[in-house]
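Only this structure's heavy atoms are used, side chains among them; waters, hydrogens and symmetry mates stay out.
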Amino acid sequence: MSAASTANGWLHWFDRLDTDDAIRTAAYRAVTPVKDLQALPVERACSALEAAWSEVFVPGPRHIEILRMLVDQAKEYSLSVYPTLRDYNRRRSGEIETVREPYPIRCLTGLAGVSKSSLMQALVRICQVTPDSQFVTDSQRLTVHPARRISVQAHLSVRALLKSLSNPVAVAGRTMVDVSVLLAHVRDWFQATGTALLIVDEMQFYTQSGKASTKTAQLIMTLASPGIPLVYAANYSLIKKLLERPHEEKDRLLAHPIVLEPPDADSEIWCTAVGEYLAVAPEHFHLEVSAHAHELHRLTAGLFRILRQLLLEAYRVAVGRSARAVTMDDVRQAYRSAAFSSHRKDVEDLASLAVSGLIAQQRADLVCPFAPVRGLQRPMLHGRAAGNVETGTILPVAMLESTLSIDAQKTLRVLRQAADHPLRPNDAAKVTPLPRRSTISAQTLREGAELLRGTLAKPKPSSANRSSPSSEPPTGRDRVETS
């Protein structure tokens, strides 16, 4: 029996992921250190760093939750179609007819660079049967792919995407023009390889149009037609386009969203990920996780892709000044550089979302389209501000609070604790009542009318009488003085 053989039986690739700790251990991927970095030209060194960092994956609680949900869904599908190896062989031979039931289409969304693609790659990795995808028994050898992932690129046709999912031997050298024929082949190939979950990544790149969503919606529905569970990953911008589709399409495409948000500045996943990035070449990155993790979070909004770009630019800055290692001053200078200006604009706009409704209108690509309606939330206690630490800080507020000093954060906590206590009534307070108006009677109305008529009946002074004092005739005393 070969090394690829399994002693754990059919569908053991799902059984071994029965706990969250098992998923975390299987999904975690540490960095591979890059050696002799100083011997490489700066751009080749940056390419080596980027390649090493792109392999890092540190699963957090939300990652584990999403992986658990998708693994359970794939396992449920497999148990319903071929719970045993005998059922698999009977279905392949045609003894059991396959009944296609619609499965919910799940949508994984989040900010660009939040680690959606890394999460989907980790899902494929933890579900892999063996490194060579071989399931071997005493009587047969099978190629099994429990989860399949394709990355959508611009200008690819539906036919090209379906061919990428097909049996490479069957489609080699053949021109399969009919999409329905390709779909039938893909459906059969999925069943042959035990595929229980299809992952479609980078959906936002399928069409370059700023408003068109018809082609994207048709592609998702086509890829879901083989009848296996499907999850597609897309940024907020594409989701907003799909929200403008007809109701029956939205009901299938957007009814099961999965939102992935950046980690908090003091979360274990963020500190561990920063530590892995710095471990790629410790002699060239003189940064400390305990001292600089919070500031790195503030400069990157907690987005891993932006963190990688910031560290790469800081490396260029350090090399430019002939330094041996990157310091936090290099990171700050890289943040202010022209090369980082696009990412800096995104980070600053994300930090401004909590205080500016105008930013939310201008940068709709940064606002989650699945945000809960505030009017339907649970009423808050008296004096409690929305988004505080006790009720779960929303992302933009958490980003702004991460910029505060330690003393300012302590003051904020004290103020929030004081705001949680209801106001106490002041028993010593005195209330002075205002005098009440007298009752209006017919007599008072008559008196008011007579007063008004009397005022209007008085003669008005003439223009001569309103002349200046110098034009008045002299009095007797004046005549005596002038004589």
How long is the span from the [atom1] atom in [X] to the [atom2] atom in [Y], to the nearest 0.5 Å?
{"X": "L253", "Y": "S213", "atom1": "CG", "atom2": "OG", "answer": "9.5 Å"}
{"X": "M221", "Y": "R252", "atom1": "CE", "atom2": "CZ", "answer": "4.5 Å"}
{"X": "L230", "Y": "I199", "atom1": "CG", "atom2": "CD1", "answer": "9.0 Å"}
{"X": "S151", "Y": "Q121", "atom1": "OG", "atom2": "CD", "answer": "8.5 Å"}
{"X": "L350", "Y": "K345", "atom1": "CG", "atom2": "NZ", "answer": "10.0 Å"}
{"X": "L67", "Y": "D20", "atom1": "CG", "atom2": "CG", "answer": "9.5 Å"}

Is there a donor-acceptor pair under 3.5 Å between the side chain of [X] and the backbone N or O of [Y]?
{"X": "H343", "Y": "F340", "value": "no"}
{"X": "D330", "Y": "T327", "value": "yes"}
{"X": "R125", "Y": "M120", "value": "no"}
{"X": "S118", "Y": "S115", "value": "no"}
{"X": "T19", "Y": "A22", "value": "yes"}
{"X": "R16", "Y": "I126", "value": "yes"}
{"X": "R68", "Y": "L17", "value": "yes"}
{"X": "T272", "Y": "I269", "value": "no"}
{"X": "R344", "Y": "Y335", "value": "yes"}
{"X": "T195", "Y": "Q191", "value": "no"}

Would you please name every residue forming a salt bridge (Lys or Arg N to Asp or Glu O under 4.0 Å) with [X], sequence neighbours left out?
{"X": "D36", "result": "none"}
{"X": "E276", "result": "none"}
{"X": "R90", "result": "E95"}
{"X": "E248", "result": "none"}

In the structure I gave you, are the side-chain heavy atoms of [X] and [Y] within less than 4.5 Å of one another anywhere?
{"X": "T84", "Y": "L11", "result": "no"}
{"X": "H185", "Y": "N167", "result": "yes"}
{"X": "V124", "Y": "Q128", "result": "no"}
{"X": "R141", "Y": "F135", "result": "no"}
{"X": "C107", "Y": "I258", "result": "no"}
{"X": "V367", "Y": "Q361", "result": "no"}
{"X": "L85", "Y": "L142", "result": "yes"}
{"X": "L161", "Y": "L219", "result": "yes"}

Consider side-chain contact (heavy atoms from CB on, under 4.5 Å). Of V71, I23, L260, which one does I66 pass it with?
L260
Please name the residue in the list L165, I105, V231 that meets the side-chain contact (heavy atoms from CB on, under 4.5 Å) test with L198.
L165
Mark yes when over 12 heavy atoms from residues, nucleotides or ligands other than R44 sit less than 6.0 Å from its CZ; otherwise mark no.
no
At their closest point, which heavy atom of [X] faces which heavy atom of [Y], and how far apart are they?
{"X": "T300", "Y": "L296", "result": "OG1-O, 2.7 Å"}
{"X": "A334", "Y": "S337", "result": "O-OG, 2.6 Å"}
{"X": "F190", "Y": "P226", "result": "CD1-CB, 4.1 Å"}
{"X": "A325", "Y": "A318", "result": "O-CB, 3.9 Å"}

Can you check side chain to side chain contact (heavy atoms under 4.5 Å, CB included) on E76 and V81, steps first, answer last?
CA-CA 9 Å; E76 178 186 357; V81 178; over 6 Å; no
F57 meets the ring-ring contact (aromatic ring centres under 6.0 Å, His included) criterion, sequence neighbours left out, with H63
Results of ring-ring contact (aromatic ring centres under 6.0 Å, His included) for Y82 - residues two or more places apart only:
Y88
Listing request: all salt bridge (Lys or Arg N to Asp or Glu O under 4.0 Å) pairs with a residue in residues 182-193, at least two apart in sequence or in separate chains.
R92-D188
Report yes or no: do D201 and S117 form a side-chain donor-acceptor pair below 3.5 Å?
yes
Please walk me through it: do V144 and S133 pass side chain to side chain contact (heavy atoms under 4.5 Å, CB included)?
CA-CA 6 Å; V144 179; S133 300; 6.0 Å; no
Candidate pair T143 and Q134, rule side-chain hydrogen bond (donor to acceptor under 3.5 Å, both in side chains), full reasoning:
CA-CA 5 Å; T143 299; Q134 297 296 302; 3.0 Å; yes
Check the orientation of W13 and W10. Use parallel for under 30°, tilted for 30 to 60°, and perpendicular for over 60°.
perpendicular
Pair R24 + D21: basic N to acidic O under 4.0 Å:
yes
Does any pair with a residue in [range] pass side-chain hydrogen bond (donor to acceptor under 3.5 Å, both in side chains), and if so which ones, sequence neighbours excluded?
{"range": "residues 102-112", "answer": "Q73-R106, S80-Y103"}
{"range": "residues 222-239", "answer": "K116-N235"}
{"range": "residues 363-372", "answer": "D346-R363, D349-R363, R363-D365"}

CA sep, side-chain torsions, deciding dist, call: D178, L182, side chain to side chain contact (heavy atoms under 4.5 Å, CB included):
CA-CA 7 Å; D178 194 344; L182 266 174; over 6 Å; no
Determine whether T216 and M203 satisfy the following criterion, side chain to side chain contact (heavy atoms under 4.5 Å, CB included), listing intermediate values before the conclusion.
CA-CA 8 Å; T216 302; M203 277 299 304; 3.4 Å; yes
Show which side-chain atoms of residues 301-315 pair as donor or acceptor with protein atoms under 3.5 Å away, not counting sequence neighbours.
from, atom 1, to, atom 2, distance (Å)
R308, NH1, Y277, OH, 3.2
E313, OE1, R316, NH1, 3.2

Run the side-chain donor-acceptor check on residues 278-291: report pairs under 3.5 Å with partners two or more places apart or on a different chain.
from, atom 1, to, atom 2, distance (Å)
H284, ND1, R324, O, 3.1
H284, NE2, Q38, OE1, 3.1
H286, NE2, E283, O, 3.4

